[in-house]
Amino acid sequence: MSEKTTPAFPFAMPFGIAAFQKSVSDAQARWGSLLEDAAKVEAQGSAHTRMMMDEGVKLMQETFSYWSQLREDWRRISLEATKRTLDTLAPR
């Protein structure tokens with residue numbers, strides 16, 4: 001039968017394996033912290049985007065209302081101008 005042996009770490013470790021494990025653990029903790037910060041920034045961006053979308057919808061609604069009122073006013077003024085013109089040209 002063949003014996004299974006644990007492969008030796010191929011790199012020289014002047015400070016020992018504990019120091020290497022600590023540096024890997026610290027790097028992992030920093031990476032986790034970085035991802036948490038990225039998630040916070042992403043959440044803020046999403047909230048800002050939602051707010052801007054809501055404001056955009058409000059702006060579109062106000063613009064539609066303004067143009068509707070403008071068309072109504074234009075028709076009213078046009079009808080009044082036409083009546084005045086016809087009153088001026090029509091004999092009494």
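Just so it is clear, the model here is predicted, and its values are computed rather than measured.
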Result block: side-chain N/O donor-acceptor pairs under 3.5 angstrom for residues 43-53, not counting sequence neighbours:
residue	atom	partner	partner atom	Å
Ser46	OG	Glu42	O	3.1
Thr49	OG1	Gly45	O	2.8

Could you go through residues 31-39 and list every donor-acceptor pair under 3.5 Å that involves a side-chain atom there, pairing it with any protein atom two or more places apart or in another chain?
none

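For Leu70, the side chain to side chain contact (heavy atoms under 4.5 Å, CB included) criterion is met by Tyr66, Trp67, not counting sequence neighbours.
In this structure, Ser25 contributes its side chain and Gln21 its backbone to no donor-acceptor pair below 3.5 Å.
Separating the CG atom in Leu59 from the CG atom in Asp54 is a distance of 12.5 Å, to the nearest 0.5 Å. Taken from NZ in Lys58 to CD in Glu62, the straight-line distance is 10.0 Å, to the nearest 0.5 Å.
Salt bridge status for Asp73 with Arg76: present, with a side-chain N to carboxylate O gap under 4.0 Å. Comment: Arg75 does not engage Glu72 in a salt bridge, judged by the lack of any side-chain N to carboxylate O separation of less than 4.0 angstrom.
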